[in-house]
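For clarity, every value in this text was computed on a predicted model and none was experimentally measured.
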Amino acid sequence: MSTAPQLVVHRDKELMARAAAARLITRIVDAQASRGSASVVLTGGRNGNGLLAALAAAPARDAVDWGRIDLWWGDERFLPDGDPERNATQARAALLDAVPLDPERVHAMPASDGPHGTDVDAAAAAYAEELARAAGPTDHGGVPEFDVLMLGVGPDTHVASLFPELPAVRETERTVVGVHGAPKPPPTRVTLTLPAIRAAREVWLLAAGEDKAEAAAIALSGAGEIQAPAAGAYGRARTLWLLDAAAASQLPRALYPPASA
């Protein structure tokens, strides 16, 4: 069941990153208080990394029990481990190396120099198996119930590595697939699919900057998910769009929230 998107619009991308980081800390702490642990899916790109950097700088980060959190990724560039273009490498630099995580609970997607070599489809299948092993009996769709799954929105409305019209966005069964021929370099990637994304309790979509304005307007105005993958990303309990004023500049006024900061 889809949840109607809620919008929060901030004055600029720096304020958006700080507010999103504070929101994420609260959500993690609440999950740990209620269930003992939390599960979060990270996103790369400038907005995802900006959020992680803001979280690293937030004094409230110490409220999180970093040893009781599982971190996953929504997608990854299929490059060698440690490559500076990999989302996991950038996340480690922005936040992960600065907090006391349990290495066993940091679930990076496979690299192109890993056990599967350059077989991106085998790498995707292995990540799907890792997700399935972490799923509990009451979880949905062969993945653990992520507390928060974050996605950056691309100028073409792509989320994770689900690009408009490409086979990955049409996938209805598998939770993770390999991507060949992505229009954005590098062309080979690993990505969660829409069924996996929709198993999350909360899905947060991040968009900042004028280059994201048209994509946000299209995705929030009833576009189909094959043409606008961001339109197909929603959580079971909540779907939250976190925008700055520039990214919200083309939204219909009917969508614009009355009480944004």
Which is it for Asn49 and Gln90 under the side chain to side chain donor-acceptor pair (under 3.5 Å) test, yes or no, and what are the steps along the way?
CA-CA 7 Å; Asn49 291 327; Gln90 296 173 9; 2.8 Å; yes

Using a 3.5 Å distance criterion without hydrogens, assess whether the side chain of Glu225 forms a donor-acceptor pair with backbone atoms of Ala228.
no

Would Leu192 and Leu166 show up in the same hydrophobic cluster when neighbours are defined by side-chain heavy atoms closer than 4.5 Å?
no

Per the side chain to side chain donor-acceptor pair (under 3.5 Å) rule, what does the pair list look like for residues 204-220, sequence neighbours excluded?
Arg46-Asp211, Glu202-Trp204

Worked verdict on Trp66 versus Leu96 for side chain to side chain contact (heavy atoms under 4.5 Å, CB included):
CA-CA 10 Å; Trp66 292 101; Leu96 307 191; 6.0 Å; no

For Arg86 and Ala108, the nearest pair of non-hydrogen atoms, with its separation, is NH2-CB, 4.5 Å

Are Val177 and Phe146 connected, step by step, through hydrophobic side chains (Ile, Leu, Val, Met, Phe, Trp, Tyr) whose heavy atoms are closer than 4.5 Å?
no

Closest approach of Ala160 and Thr191, non-hydrogen atoms and distance?
CB-OG1, 3.3 Å

Using the rule side chain to side chain contact (heavy atoms under 4.5 Å, CB included), only one of Leu24, Val99, Ile28 pairs with Arg61; which is it?
Val99

Taking side chain to side chain donor-acceptor pair (under 3.5 Å) as the definition, give me every residue that meets it alongside Ser161, ordered by chain and number, with sequence neighbours left out.
Asp75, Arg189

Of all heavy-atom pairs between Ala126 and His116, which one has the smallest distance, and what is that distance?
CB-NE2, 3.2 Å

Show the nearest heavy-atom pair for residues Phe78 and Gly117, with the distance to one decimal.
CZ-O, 3.3 Å

Specify the closest pair of heavy atoms between Trp72 and Ser39, including all atoms of both residues, with the distance to one decimal.
NE1-OG, 3.5 Å

Asp121 vs His180, test: side chain to side chain donor-acceptor pair (under 3.5 Å). Steps then yes/no.
CA-CA 9 Å; Asp121 298 308; His180 305 265; 3.2 Å; yes

State whether the side chain of Arg77 and the backbone N or O of Glu85 hold a donor-acceptor pair below 3.5 Å, judged by distance alone.
yes

Kindly indicate whether the side chain of Ile197, heavy atoms from C-beta on, has any atom under 4.5 Å from the side chain of Leu162.
yes

Does atom CD of Glu165 have more than 12 heavy-atom neighbours from other groups under 6.0 Å away?
yes

Walk me through it: do Thr239 and Thr3 pass the test side chain to side chain donor-acceptor pair (under 3.5 Å)?
CA-CA 6 Å; Thr239 305; Thr3 49; 2.5 Å; yes

Any sub-3.5 Å donor-acceptor pair from Tyr127's side-chain atoms to His107's backbone N or O?
yes

With side chain to side chain contact (heavy atoms under 4.5 Å, CB included) as the criterion, how do Val153 and Trp241 come out once you've worked through the C-alpha distance, each side chain's angles and the decisive distance to 0.1 Å?
CA-CA 10 Å; Val153 179; Trp241 280 72; 3.9 Å; yes

Can you list every side chain to side chain donor-acceptor pair (under 3.5 Å) pair that touches residues 92-102, not counting sequence neighbours?
none

Is there a side-chain contact between Leu42 and Asn87, using heavy atoms and a 4.5 Å cut-off?
no

Residues Gly209 and Ala246: closest non-hydrogen pair is C-CB, 3.8 Å

Using side-chain heavy atoms (C-beta onward) and a distance below 4.5 Å, is Leu240 in contact with Leu205?
no

Working for side chain to side chain contact (heavy atoms under 4.5 Å, CB included), residues Arg23 and Leu242:
CA-CA 11 Å; Arg23 189 183 292 271; Leu242 301 172; 4.1 Å; yes

Are Val176 and Leu79 co-members of a hydrophobic cluster defined by side-chain heavy atoms under 4.5 Å apart?
no

Under a 3.5 Å distance rule, please check whether Thr43 uses its side chain to pair with a backbone N or O of Gly48 as donor and acceptor.
no

Determine yes or no for a side-chain-to-main-chain donor-acceptor pair under 3.5 angstrom, with Ser34 supplying the side chain and Ala31 the backbone.
yes

Determine whether a donor-acceptor pair (N or O, by modelled atom type, separation under 3.5 Å) exists between the side chain of Asp113 and the backbone of Asp81.
yes

